Number of protein chains: 2
Amino acid sequence: MTARAKKYASSTDVARLAGVSQSAVSRTYKPGAKISEEMRQKVLAAAAQLDYRPSLIPRIMLTHKSNLVAIVIGGMYNPFYSAVLERFTVGLQEAGNQVLLVHVDSGHSLDAVIPKLASYRVDAIVSALSILSKQSADELARFKIPVVSFNTPVRNEWVSSVCCDNVGAARSLVELYLARGGRRFGFISGPPASPASAERLAGFRLGLAAHGIDNLAMAVADFRYEGGHAAALSMFAGPDRPDALFCANDLMAIGAIDALRRTYGLRVPEDVLVAGFDDIPSAAWGAYELTTFVQDGQRMVDEALAILRVAAASHGPVGEVAIEVPARLIERQTTRRQPI
Amino acid sequence: MTARAKKYASSTDVARLAGVSQSAVSRTYKPGAKISEEMRQKVLAAAAQLDYRPSLIPRIMLTHKSNLVAIVIGGMYNPFYSAVLERFTVGLQEAGNQVLLVHVDSGHSLDAVIPKLASYRVDAIVSALSILSKQSADELARFKIPVVSFNTPVRNEWVSSVCCDNVGAARSLVELYLARGGRRFGFISGPPASPASAERLAGFRLGLAAHGIDNLAMAVADFRYEGGHAAALSMFAGPDRPDALFCANDLMAIGAIDALRRTYGLRVPEDVLVAGFDDIPSAAWGAYELTTFVQDGQRMVDEALAILRVAAASHGPVGEVAIEVPARLIERQTTRRQPI
DNA sequence: TTTACGAGTGCATAGCTATGCACCAATCAT
DNA sequence: ATGATTGGTGCATAGCTATGCACTCGTAAA
């Protein structure tokens with residue numbers, strides 16, 4: 001509480017030094033404002049001398065617009081999400097926004113951080129949290145902050161969603177597996193609460209049902225390498241081993257492949273077909289060459305940014321927007337088996 | 001420019017509704033302030049009715065403290081850096097700060113974004129950019145914002161650094177290689193401008209020199225899997241192949257392993273010893289089991305946060321702090337060869 | 001020469017919260 | 001009973017920028 005020296009020079013300080021009014025300083029930094037070149041130079045000289053940077057804080061107060069967008073994310077162990085985060089950051093910066101990064105333990109709702117974000121007057125929120133119940137979403141709407149929910153199909157007046165077509169993709173995989181000679185199917189899921197995992201399972205089941213198949217080995221994991229490894233170990237411990245395994249994401253698929261090859265001595269794809277989801281960089285690595293679905297992260301991010309632009313333009317709610325982006329199959333070696 | 005409805009209720013609105021003064025509202029939200037329970041309840045009731053959230057913006061103006069810390073990062077393709085980002089975020093949030101995430105293309109300096117950060121009045125900056133010249137650092141100091149530079153040993157009055165002992169680690173690897181029978185050495189570097197890569201090379205050379213070895217095959221890459229792959233292809237194209245390869249990070253080491261095994265049919269570790277740096281999760285995967293150095297990311301982040309705490313407490317510069325954290329060798333299968 | 005106009009400038013104020021200060025009503029000590 | 005303390009309360013203002021408004025000049029049009 002001592003008389004701490006003022007850290008930043010203010011526009012008033014600059015004005016005094018330059019011998020002009022504070023308005024002149026303000027107008028110097030506003031593009032297109034009416035100000036003579038001569039005065040602008042005087043101001044800039046004084047500003048340079050004082051290391052002046054205009055503060056955005058009062059502007060936020062006046063305009064009710066902070067240009068801050070919060071990105072709420074649950075974990076970056078999955079390269080897909082760190083890539084998405086990077087794309088969002090770049091895209092938002094290009095649009096003139098700044099990114100407030102908020103980490104919430106995955107499994108927790110984002111309710112707890114909302115009041116804090118409201119206090120910073122963020123213009124919008126992007127949530128990559130896998131869990132966001134309808135109830136949370138309604139709670140959220142009370143704050144009247146536009147929210148884009150990534151890969152979680154919850155929405156209301158203020159909450160939009162951008163998702164990948166998990167059901168359709170998973171469903172189509174069944175055709176590939178059958179063509180490649182798969183007969184006994186297995187699925188390794190993410191956490192029970194994950195909508196993405198649930199949709200991929202549902203789609204897989206739909207595809208199987210279309211061929212009259214209702215037998216499906218199941219194991220629950222956590223979207224991580226270790227979880228996929230452990231799940232595969234238990235799923236393949238018994239006598240009745242699947243020969244076509246679908247994992248809810250690539251990390252688990254890679255863990256499963258290592259388990260099958262190294263612990264059980266099984267060959268992929270000769271003994272077991274394996275596919276994942278996300279197309280993370282490691283999926284293309286020589287040791288795995290994993291068949292997987294590309295979630296078009298760039299496109300999904302672009303769609304989300306478009307929604308945010310609309311929300312920024314119309315100051316009201318953006319309506320119940322829900323965008324679904326198709327997933328694209330990339331077949332690599334883990335499913336390249338000749339049909340029987 | 002229409003008469004846009006006020007989006008957020010202000011403390012004055014709440015005060016009017018509750019029939020108290022604006023001061024009372026403010027004090028309701030300040031822990032430990034003198035306010036009667038009765039009044040607090042009245043205020044809270046009115047606040048709930050209006051969905052009031054106190055704005056932090058005016059507080060920033062008054063206190064000259066935003067509780068915003070910027071993290072500047074160049075790329076998250078390397079899991080080591082996304083893990084570091086996550087740890088910083090969690091740590092800063094626990095300390096009551098919010099994180100402003102700034103992406104700068106690696107290779108660019110952070111000079112360009114500093115004015116913007118100054119405009120947001122960030123309390124401090126964490127830079128994980130691999131490039132930060134002495135000149136940039138001095139430029140930076142003019143803004144009087146405390147900066148912690150991660151893994152780049154630049155510093156001045158306002159810029160501190162937290163680094164890992166790259167030189168010592170790389171140097172010690174030579175002993176291991178010699179004990180495991182390595183005789184012809186190779187090094188795959190990161191981008192030429194990367195200090196981390198340069199230090200690891202320097203340490204490796206020091207270790208070799210201590211044994212009178214000055215022959216070292218070199219290839220330059222970019223810290224990525226594909227770069228490591230290509231570099232290994234060219235390094236092992238000739239007749240005089242190394243039998244002990246050190247890569248400046250794990251991603252490149254993994255790319256190199258895939259190139260050696262799959263393109264040249266070489267065995268790792270029997271034909272070539274390989275080691276990397278970072279201990280990213282993939283290094284432990286069954287297909288690679290890569291020997292590497294753990295950068296103790298948690299400890300490095302903790303040290304950086306400690307510096308930021310000091311900087312926050314003393315409002316002045318924090319002095320020329322430079323902290324070096326040791327790296328720890330983890331030997332896995334890629335160097336487990338019996339000595340000749 | 002007068003009128004009109006446009007460019008440029010300064011004044012004053014809004015925007016929202018935190019806090020020093022003055023003040024008031026009780027409660028307590030003497 | 002009086003003075004002193006404590007716990008609450010409201011008033012007024014600081015903090016910094018953007019902008020509507022009034023005003024002053026030159027300059028172009030009439």
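To find a chain, count down the sequence lines: A is the first, B the second, and so on, and within it residues start at 1. Nothing here was measured: the structure is a model prediction, and the numbers come from that model. The basis for the numbers below is simple: all heavy atoms, side chains too, and nothing from hydrogens, waters or symmetry mates.
A straight line from CG of Leu62(B) to P of dA18(C) spans 8 Å, rounded to a whole angstrom. The distance from atom NZ of Lys65(A) to atom C1' of dG15(C) is 17 Å, rounded to the nearest whole Å. If you measure from atom CD1 of Ile60(A) to atom P of dT17(C), you get 14 Å, rounded to the nearest angstrom. In this structure, Tyr8(A) places its OH atom 16 Å from C1' of dT17(D), rounding to the nearest Å. Atom CG of Asn67(A) and atom C1' of dA18(D) are 15 Å apart (whole Å). Per the geometry, CD belonging to Glu37(B) stands 15 Å off P belonging to dG7(D), to the nearest Å. We find that CD1 of Ile57(A) is positioned 17 Å from C1' of dA14(C), with the value rounded to whole Å. One interatomic measurement links the two molecules: CG of Asp13(A) to P of dC16(D), which rounds to 8 Å at whole-angstrom precision.
Comparing dT19(D), dT17(C), dC16(D) against the side chain of Ser26(A) picks out dT19(D) as the nearest. Each of dG15(C), dA18(D), dC16(D) was ranked by its minimum atom distance to the side chain of Gln22(A); first place goes to dA18(D). Set against dT17(D), dG15(C), dG10(C), the side chain of Arg121(B) has dT17(D) as its closest nucleotide.
Between Tyr52(A) and the phosphate of dT17(D), there is a side-chain N or O to OP1/OP2 separation shorter than 4.0 Å. Side-chain nitrogen and oxygen atoms of Lys30(A) include at least one within less than 4.0 Å of the OP1 or OP2 phosphate oxygen of dT19(D).
Among the atoms of the strands shown, only primed sugar atoms or phosphate atoms (P, OP1, OP2) are found under 4.0 Å from some heavy atom of Ser55(A). Backbone-only contact: Ser36(A) has heavy atoms under 4.0 Å from sugar-phosphate atoms and none from a base. Residue-level contact check: Ile35(A) touches the backbone only, with heavy atoms under 4.0 Å from sugar-phosphate atoms and none from bases.
Across all non-hydrogen atoms, the minimal contact from Lys144(B) to Trp158(B) is O-CZ3, 3.3 Å.
A donor N or O paired with an acceptor N or O is found under 3.5 Å between the base of dC11(C) and the side-chain atoms of Ser23(A).
Annotation: Glu37(A), atom CD; neighbour count of heavy atoms from other residues, nucleotides and ligands within 6.0 Å is above 12.
Between Glu38(B) and Lys42(B), none of the side-chain N atoms (NZ, or NE/NH1/NH2) sits under 4.0 Å from a carboxylate O, so this pair counts as no salt bridge. Using a 4.0 Å cut-off between charged nitrogen and carboxylate oxygen, Asp302(A) and Arg299(A) do not count as a salt-bridge pair.
Take the nearest nucleotide of DNA chain D for Ser21(B) and for Arg59(B): the residue whose nucleotide is more 5' is Ser21(B). The residue among Arg27(A) and Lys34(A) whose nearest nucleotide of DNA chain D lies closer to the 5′ end is Arg27(A).
One distance of note links CE of Met76(B) with OH of Tyr81(A); it measures 15.5 Å at 0.5 Å rounding.
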